[in-house]
Amino acid sequence: VHPLISLINSANTPIELNRPRQSHVLNFYKISYTPKFSGKLKYGQDYYDFDEGGLLFAAPNQVIGSNNEQEVRECSMFTLLIHPDFLLNYPLAKKIKTYGFFSYSANEALHLSEKEKATIISIFNNIEEELNSRIDDFSQDVIISHIELLLTYANRFYRRQFITRKAVSNHLLQKLEEILD
């Protein structure tokens, strides 16, 4: 529908994807809600803790994929793919880099309570509705606002998830990413 943003909704019609056996580099931001997941997902040089499903975040130029020993099957309910150019001329273009869950330092998915799932799913539905509506002068503003709301809720829910424990990741790749930034 739009060349710089796509929302894949398999909530009503489940789509099972076979992930590539090799890692690949993304050219876009990816926000994916996956209620079920089996296998390990490689993210950078580590593996993402995704056993219970949840929200996955990845940024452009990051390496993501599966390990070569097993095929990973994912059933994502929603996957939002955003090209960085879609965010140009909006404050979110800079702000999105401040969200820690788009970093290799985040090594586990955002696990959601039932109430949190309903909140996130409603935002995905709002984005989908706007993408499928008639495009006008405000379409991009409304979609950007929904993305920002999604990221703000994700930030809140991540803080809740880690309130009782500290991040222990001090990997070389994380340090390199900080230097490059």
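Hydrophobic clustering, with ILVMFWY side chains joined whenever heavy atoms are under 4.5 angstrom apart, keeps L131 apart from V142. There is a path of hydrophobic side-chain contacts, each under 4.5 Å, that joins L26 to L56.
Rounding to the nearest 0.5 Å places CD1 of I123 at 8.5 Å from NE2 of H146. Rounded to the nearest 0.5 angstrom, Y153 OH and L112 CG are separated by 12.5 Å. The CD1 atom of I8 lies 14.5 Å from the CE atom of M77; values are rounded to the nearest 0.5 Å. Atom-to-atom distance recorded for L92:CG and Y29:OH is 8.0 Å, nearest 0.5 angstrom. For the atom pair NZ (K117) and CG (L55), the distance works out to 10.5 Å, reported to the nearest 0.5 Å. Here the straight-line distance linking atom CD of E130 with atom CG of D141 works out to 9.5 Å at 0.5 Å rounding.
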Next on the checklist: Could you go through F28 and I5, starting from their C-alpha distance and side-chain angles, then the distance that decides it, and tell me whether this counts as side chain to side chain contact (heavy atoms under 4.5 Å, CB included)?
Outcome noted: CA-CA 9 Å; F28 43 80; I5 184 169; over 6 Å; no

Checklist entry - Between F124 and Y33, does a side chain to side chain contact (heavy atoms under 4.5 Å, CB included) hold up when you go through it step by step? => result CA-CA 9 Å; F124 278 123; Y33 171 62; 3.9 Å; yes

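Closest non-hydrogen pair, N27 versus H83, comes out as O-CD2, 4.1 Å. Between A93 and L87 the shortest heavy-atom distance is CB-O, 3.3 Å. Across all non-hydrogen atoms, the minimal contact from K30 to L81 is CG-CD2, 3.8 Å.
Residues satisfying the side chain to side chain contact (heavy atoms under 4.5 Å, CB included) criterion with Q140, sequence neighbours excluded, are F86, Y90, I144. When the salt bridge (charged side-chain N to carboxylate O under 4.0 Å, His left out) test is applied to K97, no partner is found at least two apart in sequence or on another chain.
Look at R160 and E116 and you find a salt bridge, because one of the NZ, NE, NH1 or NH2 atoms lies within 4.0 Å of a carboxylate O, short of that distance.
Contact check for I127 versus I147: side-chain heavy atoms found under the 4.5 Å cut-off. Between L151 and I31, some side-chain heavy-atom pair lies under the 4.5 Å cut-off. No side-chain heavy atom of F78 sits less than 4.5 Å from a side-chain heavy atom of S32.
When ring centroids are compared, Y158 and F101 come within the 6.0 Å threshold.
Side-chain atoms of T119 come within 3.5 Å of backbone atoms of K115 as a donor-acceptor pair (strictly under, hydrogens ignored).
The local environment of CG in D136 is crowded, with over 12 non-hydrogen atoms from other residues, nucleotides or ligands closer than 6.0 Å.
For the residue pair N155/T152, the side-chain donor-acceptor check at 3.5 Å is not satisfied.
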